[in-house]
Amino acid sequence: MIKTSITVTAKQMQEIEERIFSEGMPVASLMEKAAVFASQKITQLYPLNLYQKVGFIIGCGHNGGDGLVIARELFLQGFQVSLYIPLREKSKDLTKQHLQYAEFLGIASVEFIEDLSTCDFIVDCLFGFGLTRNIEGKLREDIIWLNQQSIPVVSIDIPSGIHTDTGNVLGIAVKAVYTLCLGLWKVGLFLSSAVEYTGSLHLIEIGIPESLLMGEGIRNDDDEREEKNPPLYPPNSEERKREKNQTENVNYSFHCQYVSETNPRIITKEDVKNCLPLPRHVNTHKYKQGNLLLICGSNQYAGAALLAGYGAKCGGSGMITFAVPHGLKKTLISHFPWALVIGLPVKEEGTIISLRNLDLNKYDAIAFGMGIGREVSAYQEQTLAPILNSEVPLIIDADGLNILAEGRYWQTIKQRKSPTILTPHIGEFKRLFPQLNLSENSLEVLKMASKMTNTTILLKGAKTLVSEKGINNWIVNLGTPALARGGSGDVLSGFLGAVIAQTNFNIFPVSKVVATCGWLHQQGGILAAQNHTEMGVDGVTLSEYINKAVVKTLGD
Ligand SMILES: NC(=O)C1=CN([C@@H]2O[C@H](COP(=O)(O)OP(=O)(O)OC[C@H]3O[C@@H](n4cnc5c(N)ncnc54)[C@H](O)[C@@H]3O)[C@@H](O)[C@H]2O)[C@@H](O)CC1
Ligand SMILES: Nc1ncnc2c1ncn2[C@@H]1O[C@H](COP(=O)(O)OP(=O)(O)O)[C@@H](O)[C@H]1O
Ligand SMILES: [K+]
């Protein structure tokens, strides 16, 4: 199972391969295996009865070698194969041998990439994880030409031009319809700069022994499942709070020789199933099921409070309390008759100026910031400061993050004992951490930011990334642009709040729960888009589909 969720860097992949070779597996055999399985996948995607002409762009390294084996297999099956080999003279020995055999078989090669213009599809085997410098000159022109064609491209291992570790484009990169990643997921495939290039991602199993990937301290899912039933505690008892909220040194990653414990894992359906829904004891009651406080809304952004409420509604917490500008009380009650609504004092513009006498520590989670407006910044000592000083797991979103970005509270945040979860989109992240360059290496920067601040950060975008204190890192590898719509994030914060309010962090690390919520949020969006098209996924619709996503996931 671990092979489908682990991600590696180029160096780690090289080390794993070297170990396999040093244990006796011939290089050529591994290449043969990878390429034959890749060719099988290609023929599923492009069956011979529908697609006859296939072009290959062959590089000089082993990615090119893979390409030649795939080309040979397709040729032998009856495809019309053309090879474009721009770096022929520089070919590595194994690649040269495959080229010689391809020529012996009579597989045609072409002089110019334009000669592939009549192909039904093209297989990109120019560079894999060996690409280290920018693509320039003629190769650059070739890729520009390729990207201008409407011919579908399948990239082998990684789209040529994408940096294996950062996902950044090294000058230019191939835009693929499918990427068939060999053996283990290369981490760059999941980072935002690569999203436009990878197309649909498929992992080709090449038999890397799991023993090389497992290490001490790995928790398997069965252990978690057994522990999932939480002990019964009186509501809000000190004992329960202490146990529930302790997160220090909980590290569910692995200590493996080849793969760092901080390598992000892809959150899988199995991970999600393992986390949610949280079990309910038969004799539970509402205060044992998580008591969530949502501090949100302003006259200007009343909708954000409502959408956070709709999100929270999906999360199953026993009690939900809204603390909103008092002018919004009636609206909130009309939407959420089951919730408590507390009116807060406001300034003329309708933004909250204090939390009055709210006893924050009686809640199991607080979500703060959705639609509160920037003006709250002037009242941060009466609002954000007591929230940060509470001993409650905390989610901060939207304008809550903008107040944080002013920089006065990082020390307080660092010292918090309960989990602090920040949910910025890329713009908010840049405001929070102006000293960090997110575009250089988004994953490493995210890890650094969460480590520096002692928080869990969920970075929103086409791919959602989660980092808990730089240690436990996750990638949400699904998503829909249907969610690029005002309010989707408010739904996520509410949902997250409701789930966090019920979570025992002794059983599940914060990062895994946060990634699970991120996954279900995106999966909800995908299901909603299937039924309503991408045009129809407003926040309320999205929230309805989050529960459908839970039901579907459990049934799958
Ligand atoms: N070793 C094996 O038998 C296996 C190989 N695989 C394949 O091997 C690939 C890695 O192979 P390599 O390490 O040979 O690397 P690549 O095939 O990615 O290419 C590296 C070659 O390109 C040259 N190069 C790098 N940047 C360049 C640039 N900007 N312009 C021109 N030339 C440039 C390098 O000098 C080197 O010769 C993987 O991505 C995968 O496709 C594995 O996946 C399966 C097993
Ligand atoms: N192209 C996309 N693909 C997948 N998810 C997206 C895309 N664009 C936005 N999203 C998701 O939608 C949500 C938007 O949140 P946010 O930017 O905070 O919006 P708002 O503040 O309006 O609610 C995030 O969860 C983000 O991951
Ligand atoms: K490639």
*Is K447 salt-bridged to E444, cutoff N-O under 4.0 Å?*
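Salt bridge flag = yes for E444 with K447.
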_So that I can tick it off, tell me whether D124 and K175 are bridged by a salt bridge, with the cut-off set at under 4.0 angstrom between side-chain N and carboxylate O._
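No.
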Say whether, by atom type as modelled, one donor and one acceptor occur between the side chain of [X] and the main chain of [Y] under 3.5 angstrom.
X: N274; Y: D271; value: no
X: N147; Y: A173; value: yes
X: T455; Y: K451; value: no
X: D399; Y: N402; value: no
X: T43; Y: S39; value: yes
X: T516; Y: K512; value: yes
X: T503; Y: F505; value: no
X: R265; Y: I2; value: no
X: E428; Y: H425; value: yes
X: D120; Y: V54; value: no

For [X] and [Y], does a side-chain donor sit closer than 3.5 Å to a side-chain acceptor?
X: S511; Y: E468; value: yes
X: N473; Y: T262; value: no
X: S317; Y: Q502; value: no
X: T7; Y: W185; value: no
X: T541; Y: D538; value: yes
X: D556; Y: T553; value: no
X: S488; Y: D490; value: no

*From L443, N441, L436, residue fulfilling side chain to side chain contact (heavy atoms under 4.5 Å, CB included) relative to M448*: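 Among L443, N441, L436, the one that satisfies the side chain to side chain contact (heavy atoms under 4.5 Å, CB included) with M448 is L436.
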For [X] against [Y], the heavy-atom pair lying closest together:
X: R431; Y: A405; result: O-CB, 3.5 Å
X: V324; Y: C296; result: CG1-O, 3.3 Å
X: A482; Y: A529; result: CB-CB, 4.1 Å
X: S450; Y: G470; result: OG-N, 2.8 Å

Taking the side chain as everything from C-beta on, heavy atoms only, tell me whether [X] gets closer than 4.5 Å to [Y].
X: I204; Y: K41; value: yes
X: P325; Y: L344; value: no
X: Y46; Y: V154; value: yes

*Distance under 6.0 Å and angle within 45° of the ring axis: does K463 meet both against F190?*
no
*Regarding K548 and the six-membered ring of Y545, is the cationic atom NZ or CZ under 6.0 Å from the ring centre and inside 45° of its axis?*
yes
*For the residue pair Y178 and H202, does the interplanar ring angle fall in the parallel (under 30°), tilted (30 to 60°) or perpendicular (over 60°) class?*
tilted
_Full working for side chain to side chain contact (heavy atoms under 4.5 Å, CB included) between H163 and V187_ = CA-CA 9 Å; H163 192 287; V187 64; over 6 Å; no
*Run the ring-ring contact (aromatic ring centres under 6.0 Å, His included) check on F495 and Y310 step by step: do they pass?*
CA-CA 8 Å; F495 178 51; Y310 279 106; over 10 Å; no
*asked:* Between F129 and K186, is the side chain to side chain contact (heavy atoms under 4.5 Å, CB included) condition met? List the steps.
replied: CA-CA 8 Å; F129 61 67; K186 314 301 177 305; 3.8 Å; yes
_With side chain to side chain contact (heavy atoms under 4.5 Å, CB included) as the criterion, how do V466 and I457 come out once you've worked through the C-alpha distance, each side chain's angles and the decisive distance to 0.1 Å?_
CA-CA 6 Å; V466 175; I457 304 181; over 6 Å; no
*Derivation of the side chain to side chain contact (heavy atoms under 4.5 Å, CB included) call for L292 and T321*: CA-CA 6 Å; L292 170 67; T321 301; over 6 Å; no
